[in-house]
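Predicted, not measured: the structure shown is a model, and the values here were computed from it.
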Amino acid sequence: MTKKNILIAMAATGILWALGGSGMTAKAAPPAEGNWTLLPAASDEFDGNELDSTKWNNGIWYDVTSALAFSPSNVTVRDGNLVLTAKKENYNGKSYTAGAVESKFEVPGTDSYVEVRAKALDKRANVLSAIWMQSSPLSVVMDPNPEIDIMETFDYGKLSSTLHIWRQNPSSHVQMGTNNWNTGLQDISADYHTYGLERRNGKLRFYFDGRLAWEKVSTVDAFVEMSRHMVLSLEGHLGAPVAEHLPKEFLIDYVRTYYDSDFAGIPEDGNYLLVNAKSGMLLTVPDASTEERRQLVQASLNGNSTQWWKLSRNEDGTYCMQNQFSEKYVDLKADQSVAENGVSIIQYSYNGDSNQRWYIVPTGDGYFRIMSAMSGKALCVKDASTAEGAPIIQWTFENEEDRNDEWMFMPFIQ
């Protein structure tokens with residue numbers, strides 16, 4: 001078994017293990033409390049010989065950062081690491097180059113933990129290493145476009161973490177909080193360390209080598225609920241690089257994403273009636289409509305296929321739900337800010353986007369919450385109504401007695 005496979009096994013079982021001879025300490029990825037399941041589609045061990053183009057874009061949505069320009073040639077995979085290099089060379093109007101990547105996969109928000117094991121670029125080079133989360137392009141639909149900086153090497157003795165929002169209507173930027181936690185080390189770039197972010201129960205928790213560095217109660221739902229891309233980059237925020245200490249490398253050993261659920265009892269792919277735990281009514285396409293954007297409702301059993309839903313698992317562990325009458329999919333309406341409570345759940349033709357993908361999470365007694373892979377909010381009946389035809393919306397999952405945000409998948413037998 002390779003050293004990296006041993007580390008993966010330790011992460012899965014929650015073991016703290018010191019690796020002698022290398023100066024490396026490996027901490028199990030997820031915090032102790034929770035039923036953490038690794039999401040392979042949102043993780044990467046960088047064990048190949050090149051960047052996995054199914055998971056990553058080489059480069060990010062801006063071309064330069066202060067004195068440095070991003071160059072695709074500064075991104076490589078070697079010896080089990082993603083390697084982002086800073087060099088002294090002319091490129092794209094700048095005198096230095098750097099590497100950066102943005103994930104194509106979505107790191108879920110609600111009930112997630114993501115950890116990156118990395119060795120920051122040598123402090124002496126004066127080029128900032130950054131592990132952060134944001135999704136491009138910034139858009140009105142994704143307002144407030146939350147940015148979560150898990151680690152930036154502004155101070156090599158501290159874990160520097162910051163929250164930002166980048167609203168697009170109108171365009172504005174607000175820093176929503178920052179924290180500089182003393183690691184007890186003089187220079188974190190001297191070795192590998194683990195940098196983690198947990199998002200659960202309305203809180204963000206930032207970790208350094210398994211130690212809690214910052215706990216932040218969010219006043220903006222999107223920080224703790226909304227899916228984000230992972231971004232790994234070198235930046236020019238420290239000022240002019242020091243040429244005599246270049247080239248140097250930012251080494252990323254792994255990115256691992258976990259979801260706090262054992263996903264036990266999720267139904268197999270097939271046709272189901274979706275029964276609401278509060279009302280006992282069924283998820284329904286009203287009026288036998290085939291219209292795009294028609295809002296879904298709850299209704300009593302009617303015996304026709306407007307209440308049949310084909311459940312299909314996606315490669316990333318999420319699910320799609322297709323109505324067997326209209327042939328359209330359960331869809332989070334995405335022509336406004338999808339981060340808000342109350343956004344309509346509609347039917348729409350398949351497009352493969354994350355607003356049609358859902359995590360199915362068991363809550364007990366055969367019921368499940370259906371969580372948007374985009375917004376991190378739950379599919380629920382508006383106002384916990386028991387009325388015929390009550391609309392279906394998204395809302396922050398509250399796990400309260402109303403249970404209008406829990407559903408049973410009842411196999412449909414013709």
Side-chain angles (χ1 to χ4, degrees), residues 4 22-24 43-52 55-89 91 94-103 114-134 148-162 183 185-197 208-209 229-256:
K4 179 167 283 190
S22 67
M24 295 185 292
S43 304
D44 201 336
E45 299 295 323
F46 303 112
D47 282 338
N49 297 315
E50 59 184 14
L51 189 69
D52 186 343
K55 291 187 173 183
W56 301 95
N57 288 314
N58 186 335
I60 52 180
W61 58 97
Y62 49 94
D63 296 330
V64 299
T65 170
S66 188
L68 301 97
F70 293 119
S71 171
S73 64
N74 289 40
V75 177
T76 57
V77 175
R78 186 186 73 241
D79 300 328
N81 287 279
L82 170 65
V83 182
L84 305 181
T85 305
K87 302 176 184 177
K88 176 71 173 76
E89 61 180 348
Y91 182 78
K94 301 293 183 178
S95 300
Y96 298 88
T97 58
V101 297
E102 178 188 357
S103 72
V114 62
E115 183 174 272
V116 178
R117 183 174 183 271
K119 185 176 186 291
L121 189 139
D122 192 330
K123 173 182 178 179
R124 295 171 297 175
N126 205 48
V127 176
L128 183 137
S129 301
I131 298 169
W132 50 299
M133 300 173 73
Q134 180 59 285
I148 305 173
D149 300 330
I150 299 172
M151 178 279 271
E152 294 178 292
T153 52
F154 285 107
D155 185 325
Y156 284 82
K158 297 179 179 178
L159 178 65
S160 296
S161 307
T162 308
T183 65
L185 303 173
Q186 292 185 345
D187 180 6
I188 62 175
S189 74
D191 206 344
Y192 285 87
H193 297 284
T194 57
Y195 304 91
L197 172 66
F208 177 83
D209 285 345
H229 291 170
M230 177 59 65
V231 187
L232 306 164
S233 65
L234 295 170
E235 303 284 346
H237 304 324
L238 300 181
V242 179
E244 65 182 282
H245 290 292
L246 294 175
K248 286 292 189 294
E249 298 173 337
F250 179 19
L251 304 176
I252 298 95
D253 180 29
Y254 62 71
V255 174
R256 294 178 187 159

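- Heavy-atom minimum distance, P247 versus K87: CB-CG, 4.0 Å.
- Expressed to the nearest 0.5 Å, how far CD of E115 lies from CD1 of I131 amounts to 10.0 Å.
- Taking CD1 of I252 as the start and NZ of K119 as the end, the distance is 11.5 Å to the nearest 0.5 Å.
- By the 4.5 Å heavy-atom criterion applied to side chains, M230 and V116 are counted as neighbours.
- Between the side chain of K94 and the backbone N or O of S66 there is at least one donor-acceptor pair closer than 3.5 Å.
- The two residues L246 and A125 make their nearest non-hydrogen contact at CD2-CB, 3.6 Å.
- Looking at S161, its side chain does come within 3.5 Å of a backbone N or O of I150 through a donor-acceptor pair.
- Summarising the geometry, atom NE2 belonging to H193 is positioned 5.0 Å from atom CG belonging to L185; distances are rounded to the nearest 0.5 Å.
- For T85, there are no side chain to side chain donor-acceptor pair (under 3.5 Å) partners at least two apart in sequence or on another chain.
- For the pair L232 and L84, the minimum side-chain heavy-atom distance is below 4.5 Å.
- With sequence neighbours excluded, no residue satisfies ring-ring contact (aromatic ring centres under 6.0 Å, His included) with Y96.
- Of the inter-residue distances, the one linking E235 atom CD with Y62 atom OH reads 3.5 Å to the nearest 0.5 angstrom.
- Side-chain contact check for Y91 and N74: no donor-acceptor pair (N or O, by modelled atom type) lies under 3.5 Å.
- Counting only heavy atoms from C-beta outward, the side chains of N57 and H229 never approach each other to under 4.5 Å.
- V83 has its side chain out of reach of V77: every pair of non-hydrogen atoms, C-beta onward, lies at least 4.5 Å apart.
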Quiz item: Given F70 and N58, is the side chain to side chain contact (heavy atoms under 4.5 Å, CB included) satisfied, shown in steps?
Solution: CA-CA 9 Å; F70 293 119; N58 186 335; over 6 Å; no
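- Under the 4.5 Å side-chain criterion, counting only non-hydrogen atoms from C-beta, T65 is not in contact with L128.
- In this structure, the separation between CG on L159 and CG on D209 is 9.5 Å, given to the nearest 0.5 Å.
- The list of salt bridge (Lys or Arg N to Asp or Glu O under 4.0 Å) pairs with a residue in residues 120-134, not counting sequence neighbours, reads D122-R124.
- Evaluation of the ring-ring contact (aromatic ring centres under 6.0 Å, His included) rule for Y195 yields F208 as partners, not counting sequence neighbours.
- In this structure, the side chains of V101 and L82 come closer than 4.5 Å at one or more pairs of heavy atoms.
- The side-chain hydrogen bond (donor to acceptor under 3.5 Å, both in side chains) pairs that include a residue from residues 236-245 number zero, where partners must be two or more places apart or lie in different chains.
- The main-chain N or O of S160 is never found under 3.5 Å from a side-chain atom of D155 such that the two would form a donor-acceptor pair.
- No side-chain heavy atom of E102 sits under 4.5 Å from any side-chain heavy atom of W132.
- The structure places CG of D79 at 9.5 Å from CG of L251, a figure rounded to the nearest 0.5 Å.
- Remark: T76 engages no residue in a side chain to side chain donor-acceptor pair (under 3.5 Å) (not counting sequence neighbours).
- Contact check for M133 versus L197: side-chain heavy atoms found under the 4.5 Å cut-off.
- Between the side chain of D253 and the backbone N or O of N81 there is no donor-acceptor pair closer than 3.5 Å.
- Of all non-hydrogen atoms in Q134 and V231, the two that sit nearest each other are O-CG2, 3.8 Å.
- The two residues S233 and I60 come nearest to each other via the heavy atoms CB-CD1, 4.4 Å.
- Under a 3.5 Å cut-off, the side chain of S129 and the backbone N or O of T153 do not form any donor-acceptor pair.
- For V127 against Y156, the heavy-atom pair with the smallest separation is O-OH, 3.5 Å.
- Between the side chain of K55 and the main chain of S103, no donor-acceptor pair closer than 3.5 Å is present.
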